[in-house]
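Have a look at the structure below before the remarks.
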Amino acid sequence: MPPPKPPPDPSLQSDPVDERAIAAQVPRLRRYAAALAGNLSDADDLVQDCIEKALVHRHTLRDGARLGGWLLSILHNLHVSGLRWRRRRGPEVPVEDLADDLVLSAAPSDRAEVRDFVRAFNRLSEEHRAVLLLTGMEGLSYREAAEVLGVPVGTVMSRLARAREKLRVLLDGGTEQAVRRVK
């Protein structure tokens, strides 16, 4: 029986990222998760799961400069997996019931507009909401958003154009079906 292997020397391991770098990304992750999940409780759970997964798999990240996008990808994929799981599980509380949570953070004079925006935003498809959040709220480039979502850059661009048009129609009081423009 061979002797047991000694534990690896920590000085020889080269993780491109440490706990402090991941912790610095928490506000960004929480903001994105809150927008995806619709409430802070689910968002905090999502961020916690994301950080846990990132810490376990941090050795797979080759370029520490890509940490933000890598974490957003993990968070997005966890959210999508959760949606699929809940879809298989059955119906739960409608997202529209949660609109007041986000509206209460706005000034009283702006609450009606915020409520209308949240309701219109929640009527968008998951793909449209994700691309709007990544490019609009998080400020990612099309290429970065494409990497997070795992789709081509052209798909991000077309989803973003369709999402903006659909949101514009919904905010103007129109129906969910946007009229296509013929050039």
Side-chain angles (χ1 to χ4, degrees), residues 15-108 110-141 144-151 156 159-160 163 167 170:
D15 279 335
V17 64
D18 64 4
E19 291 89 0
R20 289 183 304 260
I22 292 173
Q25 295 290 321
V26 168
R28 184 181 195 193
L29 293 172
R30 192 166 190 255
R31 189 173 52 241
Y32 182 53
L36 281 177
N39 68 62
L40 292 178
S41 177
D42 290 344
D44 288 340
D45 290 343
L46 194 57
V47 170
Q48 182 176 345
D49 292 344
C50 173
I51 291 172
E52 180 182 340
K53 191 167 191 161
L55 287 172
V56 169
H57 297 286
R58 69 181 170 192
H59 64 279
T60 64
L61 180 63
R62 300 287 180 232
D63 182 7
R66 299 175 50 89
L67 176 65
W70 183 67
L71 289 170
L72 287 171
S73 292
I74 292 172
L75 189 123
H76 177 78
N77 291 336
L78 286 170
H79 175 69
V80 170
S81 294
L83 286 177
R84 289 179 183 147
W85 180 81
R86 284 188 294 280
R87 204 173 296 139
R88 285 191 309 266
R89 190 167 175 243
E92 290 186 15
V93 177
V95 176
E96 292 80 16
D97 292 350
L98 304 173
D100 288 334
D101 290 348
L102 296 174
V103 171
L104 293 176
S105 65
D110 298 336
R111 286 190 181 162
E113 292 172 3
V114 173
R115 183 176 287 120
D116 291 343
F117 176 80
V118 168
R119 286 187 179 140
F121 187 79
N122 287 333
R123 288 180 64 188
L124 296 174
S125 69
E126 176 65 28
E127 292 84 14
H128 288 163
R129 285 197 314 257
V131 76
L132 280 171
L133 290 170
L134 289 172
T135 58
M137 189 169 81
E138 293 302 324
L140 297 184
S141 69
E144 292 168 329
E147 289 174 6
V148 167
L149 298 172
V151 298
V156 168
R159 280 185 189 172
L160 185 58
L167 186 60
L170 290 170

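For the pair Leu124 and Ala163, the tightest heavy-atom approach, listed with the atom from each and the gap, is CD2-O, 4.2 Å. In terms of heavy-atom proximity, Ala24 sits nearest to Pro27 at O-CD, 3.6 Å. Nearest heavy atom pair, residue Ser73 against residue Val148, reads OG-CA, 3.0 Å. Here the closest non-hydrogen pair linking Ala43 and Ala37 is N-CB, 4.0 Å.
Separating the CZ atom in Arg129 from the CG atom in Leu36 is a distance of 7.5 Å, to the nearest 0.5 Å. Put simply, CG on Leu83 and CD on Glu126 are 5.0 Å apart, with the number rounded to the nearest 0.5 Å. With rounding to the nearest 0.5 Å, the separation of CG in Leu71 from CD1 in Ile51 is 7.5 Å. To the nearest 0.5 Å, the span separating CZ on Arg30 from CG on Leu46 amounts to 12.0 Å. Between the CD atom in Glu52 and the CG atom in Leu78 there is a gap of 9.5 Å [rounded to 0.5 Å]. Atoms CD1 and CG, on Ile22 and Leu67 in that order, are 6.0 Å from each other to the nearest 0.5 Å.
Put simply, the side chain of Asp63 does not reach to within 4.5 Å of the side chain of Trp70, judged on heavy atoms. Leu133 places none of its side-chain heavy atoms less than 4.5 Å from the side chain of Arg31. Put simply, the side chain of Leu134 reaches to within 4.5 Å of the side chain of Tyr32, judged on heavy atoms. Looking at Ile74 and Leu29, their side chains never come closer than 4.5 Å, going by heavy atoms from C-beta outward. For the pair Glu138 and Glu144, the minimum side-chain heavy-atom distance is 4.5 Å or more. Between Val151 and Arg159, the closest side-chain pair of non-hydrogen atoms falls below 4.5 Å. Residues Arg28 and Leu72 are in side-chain contact: their nearest non-hydrogen atoms beyond the backbone lie under 4.5 Å apart.
Between Phe117 and Phe121, the two ring planes are parallel [angle under 30°; tilted spans 30° to 60°].
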